[in-house]
**Q** 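Quick one: the structure is below, questions incoming.
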Amino acid sequence: MSSLSGKSPRAKKTVHTRAGKPEPSRMKKSTRAKARKPGWFGRLAAFAERSELSRLLYSFRREFAYALGFTALINLLMLTPTLYMLQVFDRVMVGKNEFTLYAVTLMLFFFLGVMSFSEWVRSRLLVRLGVRLDLKLNPRVFDAAFEMFDRGKESSRLFGSMACLRQFLTGAGLFAILDAPWTPVYILVLFLLHPVLGGLAIVFCLILGLAAYISGLVMEEPMETAAEAAGTESRHLESRLRHASAVQAMGMLDNIRGMWWRSHLISLAQGRRGLDAQTRMQSITTFMRLMQQSLTLAAGAVLAVYGEISPGAMIASNALMTRATFPLDALMKAWKDLQAARKAFLELEAALAAHPVRAKSAADASRPGAALRLKHVSVNVVGRELPVLDDVSLRIPAGSALGVRGPSGSGKSTLARALLGILPETQGVVYFDKIPLRELDRTEAGGWMGYLPQDVELFEGTIAENVARFGKVDSALVIEACQQAGVHDMILRFPKGYDTPIGVGGSFLSGGQRQRIGLARALYGNPRLVVLDEPNSNLDDAGDRALLQAVIALKERGVTLVLISHRPRIMAAMDSILVMEEGRALRLEPPPTEDKAADGAMEAIMPLQSMQAR
């Protein structure tokens with residue numbers, strides 16, 4: 001007989017003393033010991049196991065240790081000017097010994113040279129560390145950004161976050177953090193000169209620390225708002241420029257300019273608000289820094305007048321006070337960079353955790369077709385109440401050809417993207433040969449899949465590079481894919497053939513040519529699953545015939561095919577037709593016969609002929 005916990009409860013054992021009073025057990029002592037807060041090493045170990053990004057940063061612990069060592073040497077040598085002033089004012093000027101002046105000056109040159117060399121080595125070390133971090137992190141961020149974009153999320157900021165984190169590791173913010181632990185050392189030296197000077201240093205450090213905290217509270221919200229407003233303006237402008245031809249053709253320039261101007265005014269207002277807060281805090285800190293120097297010199301003068309310290313100590317205390325408060329002042333100046341680096345770290349950490357490296361799948365790549373199964377798949381889009389796909393369950397046997405039809409907005413394109421695992425907010429499971437699609441490695445699975453989206457996107461490069469998906473160009477496979485798509489002869493008519501550049505987004509090609517080359521790209525490498533979304537929307541009669549031949553060839557090879565179209569002729573080549581409406585899979589029906597497909601084509605042509613007759 002089992003219980004809910006799986007274990008039978010045990011009686012608590014209590015130890016009694018001779019007087020009969022209960023004595024705390026050892027278990028309670030160990031519990032209290034475990035409840036103690038971990039030390040610095042424990043926190044560092046916990047940080048190393050926190051996330052993928054923290055483990056990557058922890059792998060550079062040797063470089064950070066070297067940087068800390070050089071920082072210690074630099075800060076110790078920073079005491080050299082103070083000691084030099086003490087020797088000059090208290091020994092050289094009193095004893096009037098030139099040899100002592102020459103000796104201490106030579107020593108000053110040597111130690112300042114060592115200090116400058118150490119600063120150069122530390123900066124060089126951190127720059128190399130930033131480059132190595134970028135080289136290791138860049139591929140993961142690139143993959144995560146593309147997966148986030150496929151799921152409808154803003155992803156371009158990830159690259160900015162990575163650059164921000166790398167620049168922080170080589171900028172003044174990290175140097176201020178490394179120098180901050182040495183502030184107590186300078187305060188201790190001031191105490192050795194005189195307790196009043198040490199107490200004054202503590203007061204100034206507390207004031208600057210409080211100012212840094214207030215500065216963070218005051219500046220964080222305005223700076224974030226200004227950055228978001230600038231990003232929104234940039235995205236809006238970029239989206240309008242992308243459709244500049246339509247804007248010019250339909251006389252929309254004034255309207256678009258008005259929309260941009262309103263967002264630009266908002267960005268200017270938010271930026272001015274953030275800069276006002278920043279300059280206000282900088283003015284306050286400048287005032288406090290100047291007052292600190294003057295008050296320190298005044299306190300030293302009073303102590304020198306009463307014989308508490310020497311004139312050399314008075315001058316040296318001013319330099320020490322400036323050095324003691326320098327890290328806090330640097331932290332205030334770099335507060336914006338610190339906040340940006342913290343935000344960048346959290347954003348990268350969340351993105352890498354949400355899009356981990358996928359393990360290699362166990363799918364059999366040698367099989368010609370892929371069996372697909374959708375189990376209660378629903379897709380929701382932010383800002384839309386009803387789901388785009390509503391609880392779709394479907395089986396697509398390996399090697400079958402499924403046509404999908406339905407009115408506009410019925411969820412056909414969304415279904416195609418769900419079959420490929422590139423949709424946001426997908427509920428349910430899509431199985432690829434009994435393996436959940438979300439568990440497949442995208443790079444590996446992409447070689448098994450061919451996809452022609454409704455809006456064909458080609459990339460800047462040659463025709464061969466686009467067909468080969470910008471991998472290693474296998475000429476035989478490229479030509480084979482283009483022959484299957486019926487575009488081989490068309491490509492040979494270009495002056496440079498397969499080496500013809502197509503421009504940004506395929507701008508040098510017509511809509512039909514882009515679609516046919518996109519079809520060849522989908523067929524490249526003999527994929528096991530091919531999804532075609534409106535593949536004949538821009539094709540002429542020759543393109544339609546080539547597409548039909550490609551579909552028949554895919555069926556003969558046993559490739560699993562999903563095709564979305566409204567044209568009966570191509571749907572007649574399918575094994576079955578899925579009817580979609582309002583995001584739901586209504587029914588499966590047999591494909592139209594050739595006679596019905598011809599009748600459907602004539603019905604589509606007759607309205608055009610009657611319009612021409614009018």
Side-chain angles (χ1 to χ4, degrees), residues 36-44 47 61 64-87 111-112 114-116 118-119 122-123 126 168 171-216 284-286 288-300 303 308-310 312-335 337-338 341-342:
R36 294 175 182 173
K37 293 183 179 180
W40 286 105
F41 291 105
R43 293 178 184 178
L44 185 61
F47 174 79
R61 58 189 180 275
F64 284 118
Y66 288 155
L68 283 173
F70 281 111
T71 300
L73 180 60
I74 292 167
N75 280 275
L76 285 174
L77 293 176
M78 279 290 182
L79 296 171
T80 303
T82 302
L83 297 175
Y84 179 75
M85 283 186 285
L86 286 172
Q87 296 299 318
F111 286 123
L112 290 182
V114 173
M115 183 184 70
S116 300
S118 301
E119 288 183 338
R122 183 180 67 171
S123 299
L126 292 177
F168 173 77
L174 182 62
F175 292 154
I177 293 176
L178 294 175
D179 290 336
W182 286 88
T183 294
V185 176
Y186 294 113
I187 294 176
L188 178 61
V189 176
L190 284 168
F191 267 108
L192 294 176
L193 291 177
H194 198 279
V196 173
L197 296 176
L200 194 62
I202 293 176
V203 171
F204 281 129
C205 288
L206 291 176
I207 292 174
L208 288 175
L210 180 62
Y213 177 73
I214 296 175
S215 175
I284 294 174
T285 55
T286 301
M288 290 189 298
R289 185 169 61 253
L290 294 175
M291 288 301 299
Q292 163 229 311
Q293 294 174 358
S294 301
L295 291 177
T296 302
L297 189 60
L303 294 174
E308 297 288 334
I309 60 174
S310 64
M314 176 189 71
I315 303 298
S317 63
N318 196 12
L320 278 173
M321 187 72 72
T322 302
R323 188 59 200 174
T325 57
F326 173 78
L328 297 176
D329 191 28
L331 284 175
M332 291 183 64
K333 291 181 179 179
W335 190 264
D337 296 335
L338 287 170
R342 177 179 175 273

**Q** With a 4.5 Å limit on heavy-atom distance, are the side chains of Ile202 and Phe191 in contact?
**A**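 Heavy-atom side-chain distance check passes, below 4.5 Å.
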**Q** Show the nearest heavy-atom pair for residues Ser123 and Phe175, with the distance to one decimal.
**A**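 For Ser123 versus Phe175, the nearest heavy atoms are OG-CZ, 3.7 Å.
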**Q** For Leu208 and Met288, run side-chain contact (heavy atoms from CB on, under 4.5 Å): C-alpha distance rounded to whole Å, both residues' side-chain angles, the deciding distance at 0.1 Å, then the answer.
**A** CA-CA 8 Å; Leu208 288 175; Met288 290 189 298; 4.0 Å; yes
**Q** Taking all heavy atoms of Ala176 and all of Ala330, pick out the closest pair and write down the distance.
**A**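 Where Ala176 meets Ala330 most closely, the heavy atoms are CB-CB, 3.7 Å.
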**Q** Starting at OG of Ser317, measure out to CG of Leu200 and round the result to the nearest 0.5 Å.
**A**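 Reported value, rounded in 0.5 Å steps: 9.0 Å.
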**Q** For Met321 and Leu197, which heavy atoms make the closest approach, and how far apart are they?
**A**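 Result for this residue pair: CE-O, 3.7 Å.
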**Q** Output, in order, the C-alpha distance, side-chain angles, deciding distance and verdict of side-chain contact (heavy atoms from CB on, under 4.5 Å) for Leu178 and Leu174.
**A** CA-CA 6 Å; Leu178 294 175; Leu174 182 62; 4.3 Å; yes
**Q** For Ala319 and Met85, work out which heavy atoms get closest and say how close.
**A**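 In terms of heavy atoms, the two residues are closest at CB-CE, 3.6 Å.
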**Q** State, to 0.1 Å, how close Ile187 and Ala324 come at their nearest heavy-atom pair, and which atoms those are.
**A**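 For Ile187 and Ala324, the tightest heavy-atom pair comes out as CG1-CB, 4.4 Å.
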**Q** Between Ile74 and Trp182, is a side-chain contact (heavy atoms from CB on, under 4.5 Å) present by the stated rule, with each step listed?
**A** CA-CA 10 Å; Ile74 292 167; Trp182 286 88; over 6 Å; no
**Q** So how far is it from Ile309 CD1 to His194 NE2, rounded to the nearest 0.5 Å?
**A**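 The CD1 atom of Ile309 sits 7.0 Å away from the NE2 atom of His194.
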**Q** Answer yes or no: does atom CZ of Phe64 have more than 12 heavy-atom neighbours from other residues, nucleotides or ligands under 6.0 Å?
**A**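 Above 12, so yes.
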**Q** Going from CD1 on Ile207 to CD on Gln292, what distance comes out if it is rounded to the nearest 0.5 angstrom?
**A**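 Output value for this atom pair is 9.5 Å.
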**Q** CG of Leu320 to CZ of Phe326: how many Å apart, nearest 0.5 Å?
**A**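 It comes to 14.5 Å.
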**Q** If you measure from CE on Met78 to CG on Leu73, what distance do you get to the nearest 0.5 Å?
**A**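 Answer for the CE-CG pair, Met78 versus Leu73, is 10.5 Å.
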**Q** Once you round to the nearest 0.5 Å, how far does CG of Asn318 lie from OG1 of Thr296?
**A**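 Rounded to the nearest 0.5 Å, the CG-OG1 separation comes to 5.5 Å.
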**Q** If we only count heavy atoms from C-beta on, is the Arg323 to Val189 side-chain gap below 4.5 Å?
**A**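 They are not in contact (no side-chain heavy atoms under 4.5 Å apart), so the answer is no.
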**Q** Determine whether Val114 and Leu77 satisfy the following criterion, side-chain contact (heavy atoms from CB on, under 4.5 Å), listing intermediate values before the conclusion.
**A** CA-CA 8 Å; Val114 173; Leu77 293 176; 3.6 Å; yes
**Q** Could you report the tightest heavy-atom contact between Tyr186 and Asn75, atom names first, then the distance?
**A**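 Looking at all heavy atoms of both residues, the shortest contact is OH-O, 2.8 Å.
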**Q** Between the side chains of Arg122 and Thr71, is a donor N or O closer than 3.5 angstrom to an acceptor N or O?
**A**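 Result is yes, a qualifying pair exists.
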